[in-house]
J.: 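Starting off with a structure, shown below.
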Amino acid sequence: MSHNTYNPFIHAQQQFDHVAQTLELDDGMKDLLRSPMKEIHFSIPVKMDDGTTRVFKGFRMKHNEALGPAKGGLRFHPHESADTVRALSMWMTWKCAVVGLPLGGGKGGVICDPQTLSLGEQERICRGFIRQMHQLLGPNTDVPAPDVMTNGQHMIWMLDEYETITGGHYPGMITGKPVNLGGSQGRTEATGYGVIYTLEALLAKKKLNIKETTASIQGFGNVAQYAAELYTQLGGKVVAISCWHQKDQKSYTILHPEGLNIAALVNIKDKFGSIDLDKAKALGYEITNGEAWLYQEVDILIPAALENQITAESVPQLSSKVKIICEGANGPTAHEADALLFEKGITFIPDFLCNAGGVTCSYFEQIQGNTNFYWEKDEVLTKLNLMMVNAFERVYALAEEKNIDMRDAAYTIAIQRVKDAVQLRGWA
Ligand code: NAD
């Protein structure tokens, strides 16, 4: 499947159908759970700096709210599509359910390229988004968060517009806020650290010492950077990192068999997670093509950038050394690749478990906002570790018991929880 024809919604439905057939769901339940229950499409008119008006297309999809208010990020991306948002909202439902959060699944986006927009234009898009959506958002209704190319500043503009319209303070209506305005300590690190918390738990099962392992990572953005940071702090060695270069419109892999110095790379990356190649060369690192990260002789692969990177074509070419894949990104492994990885004896921690640290910390942010009492970073990370490891243990135990891969086990637990909530509510 080439990247151009890749459709994440079909991917999400294939994964769901694959597990649904083993759970003996009736047809009504299957129909309900394989698509978002609510889809909102709207236009955001924005006065641009040059005086013209441009209309941006926005979406918010709520896949399922049986377990609680919809929760999920907002992406600003020039190639955003309704099907991507549908898939991501569905994955959010399973992600919240597998960790045991009292939240449903949602996702949203605006088709725009923030890299070409002024801050003022971005602010007007954020405020316009809320003007279109405010009746369907709220701390007990639907709670957005940052995602690709959105950040805490975007969230605060949205919160401010929401509070201006509703006339109160509702810090729990949005998460990913800056720490000095209702954000949670540890949120920035939460997804990347969560990836490594689940990795540590898996290494313990496999009786592998993290200090004797090597890893290769795709991406150096929010997820990848903090995953790399904690993994190396714990003694692991990152030998390759791949990232995107805006200037060349191309991806590259930065290599160093002795192990990359993550702190040094953080100093030479921009806010979009692109590493300066000249400065990387000056550190003595080799630069090669963007796909090389996948074919390194390492114990662990951490795809933490894009969807559909590990495919039926690439699995046979992976190094025989690879034992573990931690899916930091959403949907990095094509559906057809799962069975091939399982046959090869490669254990993958599925995305909606592996990268659930972000939403778990967002849930903590909501609790802190709702109680108006804020926790220390250590407390946040300790609670995060506990929830991630507990979720991992349940999924791992089921995978072992049924001799299935961890994705099918995680889906089984998540679908079962959502199905029970739907039935208790009498929806189906
Ligand atoms: P980000 O925008 O901070 O970083 C993206 C990274 O991917 C950058 O380093 C960029 O250079 C790299 N990249 C882009 N195209 C590439 C290519 N062709 N080859 C190699 N590298 C490429 O994004 P992020 O927040 O780190 O999110 C990454 C993934 O993780 C996405 O799938 C996102 O949905 C998922 N995710 C993020 C969070 C979160 O809390 N940030 C939570 C759950 C899941």
Side-chain angles (χ1 to χ4, degrees), residues 3 6 8 11-12 71-80 84-85 87-89 91-92 94-96 99 105 107-109 113-115 144-152 155 175-176 183-184 186-195 198 216-229 240-254 265-266 268-277 287-294 302-309 326-333 350-363 365 384 388:
H3 191 68
Y6 173 72
H11 186 183
K71 183 87 196 80
L74 295 177
R75 293 180 158 202
F76 282 1
H77 200 279
H79 307 303
E80 194 57 89
T84 309
V85 178
L88 290 163
S89 74
W91 281 324
M92 282 308 296
W94 313 134
K95 194 179 294 195
C96 294
V99 184
K107 204 82 179 188
D113 184 356
Q115 297 187 55
D147 202 275
V148 173
M149 290 207 266
T150 54
N151 57 39
M155 299 304 110
T175 62
S184 177
R187 175 62 187 89
T188 315
E189 298 88 345
T191 308
Y193 280 17
V195 168
T198 59
S216 174
I217 303 182
Q218 188 187 37
F220 204 53
N222 178 258
V223 180
Q225 179 194 325
Y226 291 101
E229 191 181 279
I241 290 180
S242 165
C243 59
W244 179 254
H245 279 263
Q246 190 62 20
K247 200 172 64 183
D248 309 353
Q249 288 291 299
K250 225 171 126 179
S251 59
Y252 293 92
T253 302
I254 298 171
L265 291 178
V266 170
I268 59 169
K269 74 163 191 89
D270 67 16
K271 63 176 174 167
F272 300 108
S274 287
I275 297 166
D276 186 312
L277 296 178
I287 314 288
T288 181
N289 68 76
E291 290 72 45
W293 76 276
L294 190 53
I302 308 182
L306 303 173
E307 61 283 349
N308 202 37
Q309 297 303 291
C326 301
E327 296 186 341
N330 287 318
T333 306
D351 48 7
F352 65 98
L353 169 63
C354 193
N355 68 31
V359 72
T360 305
C361 193
S362 285
Y363 165 61
E365 182 176 333
L384 180 66
M388 294 296 292

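Small disclaimer: the values here were computed from a predicted structure and weren't measured. Numbering of ligands and ligand atoms starts at 1, following listing order. For the numbers below, each heavy atom of this structure counts, side chains included, while hydrogens, waters and symmetry mates do not.
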J.: Using atom types as modelled, flag every donor-acceptor pair under 3.5 Å from a side chain in residues 217-225 to any protein atom, sequence neighbours excluded.
T.:
{"from": "Q218", "atom 1": "NE2", "to": "Q309", "atom 2": "OE1", "distance (Å)": "3.0"}
{"from": "N222", "atom 1": "ND2", "to": "T188", "atom 2": "O", "distance (Å)": "3.0"}
{"from": "Q225", "atom 1": "OE1", "to": "K269", "atom 2": "NZ", "distance (Å)": "3.4"}

J.: For M155 and T150: C-alpha separation, side-chain torsions, deciding distance, then whether side chain to side chain contact (heavy atoms under 4.5 Å, CB included) applies.
T.: CA-CA 8 Å; M155 299 304 110; T150 54; 4.1 Å; yes

J.: My understanding is that only residues two or more places apart in sequence, or in another chain, count here; which of them pass side chain to side chain contact (heavy atoms under 4.5 Å, CB included) with D113?
T.: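 D113 satisfies side chain to side chain contact (heavy atoms under 4.5 Å, CB included) with P78, Q115, T116, M149 only.
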
J.: Going by distance alone, is a donor N or O of one side chain under 3.5 Å from an acceptor N or O of the other, for K71 and T175?
T.: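 K71 vs T175: donor-acceptor pair found between side chains.
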
J.: Under a 4.0 Å N-O cut-off, is there an ion pair linking K95 with D351?
T.: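 Answer for the salt bridge query: no.
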
J.: Could you list, one pair per line, each nitrogen or oxygen of ligand 1 together with any protein nitrogen or oxygen closer than 3.5 Å, giving atom names and the distance rounded to 0.1 Å?
T.:
{"from": "ligand 1", "atom 1": "3 (O)", "to": "N222", "atom 2": "N", "distance (Å)": "3.0"}
{"from": "ligand 1", "atom 1": "9 (O)", "to": "F220", "atom 2": "N", "distance (Å)": "2.8"}
{"from": "ligand 1", "atom 1": "9 (O)", "to": "G221", "atom 2": "N", "distance (Å)": "3.1"}
{"from": "ligand 1", "atom 1": "9 (O)", "to": "G273", "atom 2": "O", "distance (Å)": "2.7"}
{"from": "ligand 1", "atom 1": "11 (O)", "to": "W244", "atom 2": "N", "distance (Å)": "2.9"}
{"from": "ligand 1", "atom 1": "11 (O)", "to": "G273", "atom 2": "O", "distance (Å)": "3.2"}
{"from": "ligand 1", "atom 1": "26 (O)", "to": "N222", "atom 2": "N", "distance (Å)": "3.1"}
{"from": "ligand 1", "atom 1": "26 (O)", "to": "V223", "atom 2": "N", "distance (Å)": "2.9"}
{"from": "ligand 1", "atom 1": "32 (O)", "to": "N330", "atom 2": "N", "distance (Å)": "3.2"}
{"from": "ligand 1", "atom 1": "34 (O)", "to": "R75", "atom 2": "NH2", "distance (Å)": "2.8"}
{"from": "ligand 1", "atom 1": "34 (O)", "to": "N330", "atom 2": "ND2", "distance (Å)": "2.9"}
{"from": "ligand 1", "atom 1": "40 (O)", "to": "R187", "atom 2": "NH2", "distance (Å)": "3.3"}
{"from": "ligand 1", "atom 1": "40 (O)", "to": "T191", "atom 2": "OG1", "distance (Å)": "2.6"}
{"from": "ligand 1", "atom 1": "41 (N)", "to": "N222", "atom 2": "OD1", "distance (Å)": "3.2"}

J.: Please identify each residue that fulfils side chain to side chain contact (heavy atoms under 4.5 Å, CB included) with K250, with sequence neighbours left out.
T.: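 For K250, the residues satisfying side chain to side chain contact (heavy atoms under 4.5 Å, CB included) (neighbours in sequence not counted) are D248, Y252.
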
